[in-house]
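On a predicted model such as this, the values are computed, not experimentally measured, just so you know. Residue numbers run from 1 in the order of the sequence given.
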Amino acid sequence: MYEGHTIGVVVPAYNEEGFVGDVLDSLPDFVDRIYAVDDASTDGTWDEIRAHATIERAPRAGESDDAVSGVVAIQHAMNRGAGAAIKTGYLAAREDGTDITVTVDADGQMDPDIMTRFLDPIVAGDAEYTKGDRLSNSELRKEMPRFRLLGNWLLTGLTRIASGYWSITDPQNGYTAISLPALEAIDLEGMYEYYGYCNDILVKLNVAGMRVADVDMPATYGDEESSIKYGDYIPKVSLMLLRNFFWRLGARYRTHPLGIAYLFGIVSGLAGIALGVRALGSVLTGTKNDDARKSLTSLLVSVVGIIVGIVLDRRENP
């Protein structure tokens with residue numbers, strides 16, 4: 001327990017043999033319960049987790065589930081993705097009524113000694129969700145490879161637009177903490193199960209009206225290799241964020257000037273592109289029309305509409 005709040009930690013693991021046990025051993029003494037979720041690993045990860053949870057209890061929802069000394073070991077029957085492992089842990093923490101639930105990766109690259117930095121804003125009532133930020137401080141991001149840095153900045157911009165949290169940075173950071181009211185307010189069952197779950201949950205939190213705070217932390221890389229394939233990751237997550245952007249507008253701003261401005265800008269942009277394609281066809285066939293002028297006008301209107309939408313969005317989501 002920390003400052004009168006029960007603390008749970010979700011540790012998602014996939015092929016983390018040799019790492020996950022050390023992570024479980026390193027968590028602070030104030031942690032009340034650890035939810036170690038094996039996402040159908042093919043190495044000895046599950047055995048390593050089971051070594052920390054040796055007293056059997058009744059399975060939940062068809063999963064192997066045992067607990068001792070506050071460690072709950074859960075195994076997925078099939079590999080479902082990092083977000084699915086987090087979701088399984090969140091659902092268990094919500095069922096247990098845990099006041100604050102932290103997520104820590106099983107690769108040993110997240111420092112458990114700074115966990116209180118994530119808890120304090122929630123305990124103080126200043127936020128319902130806190131997340132790590134490796135990008136804002138140039139000194140803290142020194143170890144991050146350049147291609148990851150570029151990808152993280154790109155996803156930061158896309159997530160700001162999709163989520164409405166215009167001040168957040170490094171949204172795909174997996175070191176987070178969330179309050180029980182926030183867990184109860186969002187659609188956990190519909191949580192994105194691929195690596196973009198961190199970005200997805202931010203959109204859900206915004207629609208639920210939750211406050212989010214960044215926590216500075218260093219970018220640290222050890223011996224464990226990331227299983228993220230950025231050529232696959234960025235397109236998938238970008239498409240998910242696009243869907244979530246429209247869902248957020250529909251859920252919160254259907255008749256609000258903000259939503260109308262965005263919609264007007266997007267429709268004008270699509271019309272401008274269509275007219276531009278037609279104008280190009282006219283040039284190739286030697287046909288004369290004013291499609292090029294109409295295209296430019298529509299694109300200009302689109303830019304204005306989207307800028308107005310962004311300005312109003314930032315005002316609505318300080």
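Tracing side-chain contacts under 4.5 Å through hydrophobic residues (I, L, V, M, F, W, Y), one reaches F30 starting from L24; they form part of the same cluster. Using a 4.5 Å cut-off between side-chain heavy atoms of Ile, Leu, Val, Met, Phe, Trp and Tyr, with links allowed through other members, V203 and Y195 fall into different hydrophobic clusters.
Ionic pairing of D313 and R160 is not present here: no N-O contact between side-chain nitrogen and carboxylate oxygen is shorter than 4.0 angstrom. We find that D214 and K131 are joined by a salt bridge, their nearest charged nitrogen and carboxylate oxygen being less than 4.0 Å apart. D290 and R293 are joined by a salt bridge, as a carboxylate oxygen and a charged side-chain nitrogen come within less than 4.0 angstrom of each other. Under a 4.0 Å N-O distance rule, the pair K87/E193 qualifies as a salt bridge. Classification of R248 and E316 as a salt-bridged pair fails, no side-chain N sitting under 4.0 Å from a carboxylate O.
The line from OG of S268 to CD1 of I266 is 10.0 Å long, rounded to the nearest 0.5 Å. Taken from CE in M115 to OG1 in T130, the straight-line distance is 10.5 Å, to the nearest 0.5 Å. Atom NZ of K204 is separated from atom OG of S163 by 12.0 Å, given to the nearest 0.5 angstrom. Note that CE of M191 is 6.0 Å distant from OH of Y90, once rounded to the nearest 0.5 Å. Between the CD1 atom of I161 and the CG atom of L242 there is a distance of 10.5 Å, given to the nearest 0.5 Å. Taken from CG in L202 to CG in D200, the straight-line distance is 9.0 Å, to the nearest 0.5 Å.
A 4.5 Å side-chain heavy-atom check between V10 and V104 finds every atom pair outside the cut-off. Contact of the E189 side chain with the L91 side chain is registered, since non-hydrogen atoms from C-beta on lie closer than 4.5 Å. Using a 4.5 Å heavy-atom threshold, the side chains of M240 and N199 count as touching. For the pair M210 and I201, the minimum side-chain heavy-atom distance is 4.5 Å or more. Using a 4.5 Å heavy-atom cutoff, the side chains of Y14 and N79 are in contact.
A donor and an acceptor atom, one from each side chain of N15 and T42, are located under 3.5 Å apart. Counting only N and O atoms by type, the side chains of T98 and D96 include no donor and acceptor under 3.5 Å apart. If you check the side chains of N206 and R211, you find no donor sitting under 3.5 Å from an acceptor. Side-chain contact annotation: D32 with T6, donor-acceptor N/O pair under 3.5 Å absent. Counted by atom type alone, D120 and Y2 present one or more donor-acceptor pairs between their side chains at under 3.5 Å. D133 and N173 share no side-chain donor-acceptor pair at under 3.5 Å.
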Stepwise, does the side chain to side chain contact (heavy atoms under 4.5 Å, CB included) test hold for L188 with R94? CA-CA 10 Å; L188 276 183; R94 188 181 68 180; 3.8 Å; yes
Give the C-alpha distance, both sets of side-chain angles, the deciding distance and a yes or no for side chain to side chain contact (heavy atoms under 4.5 Å, CB included) between I34 and V11. CA-CA 7 Å; I34 303 165; V11 182; 4.0 Å; yes
Would L119 and V102 count as a side chain to side chain contact (heavy atoms under 4.5 Å, CB included) here? Give the steps. CA-CA 8 Å; L119 301 176; V102 180; 3.7 Å; yes
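Counting only distance, with no hydrogens or angles, the side chain of S298 and the backbone of A271 share no donor-acceptor pair below 3.5 Å. Checking side-chain atoms of R117 against main-chain N and O of D216 turns up a donor-acceptor pair under 3.5 Å. Side-chain atoms of Y197 never come within 3.5 Å of backbone atoms of Q172 as a donor-acceptor pair (strictly under, hydrogens ignored).
Shown here for V207 and W247, the closest heavy-atom pair between the two residues is CG2-CZ3, 3.5 Å. Of all the heavy atoms in Y175 and P112, the pair that sits closest is OH-CA, 3.7 Å.
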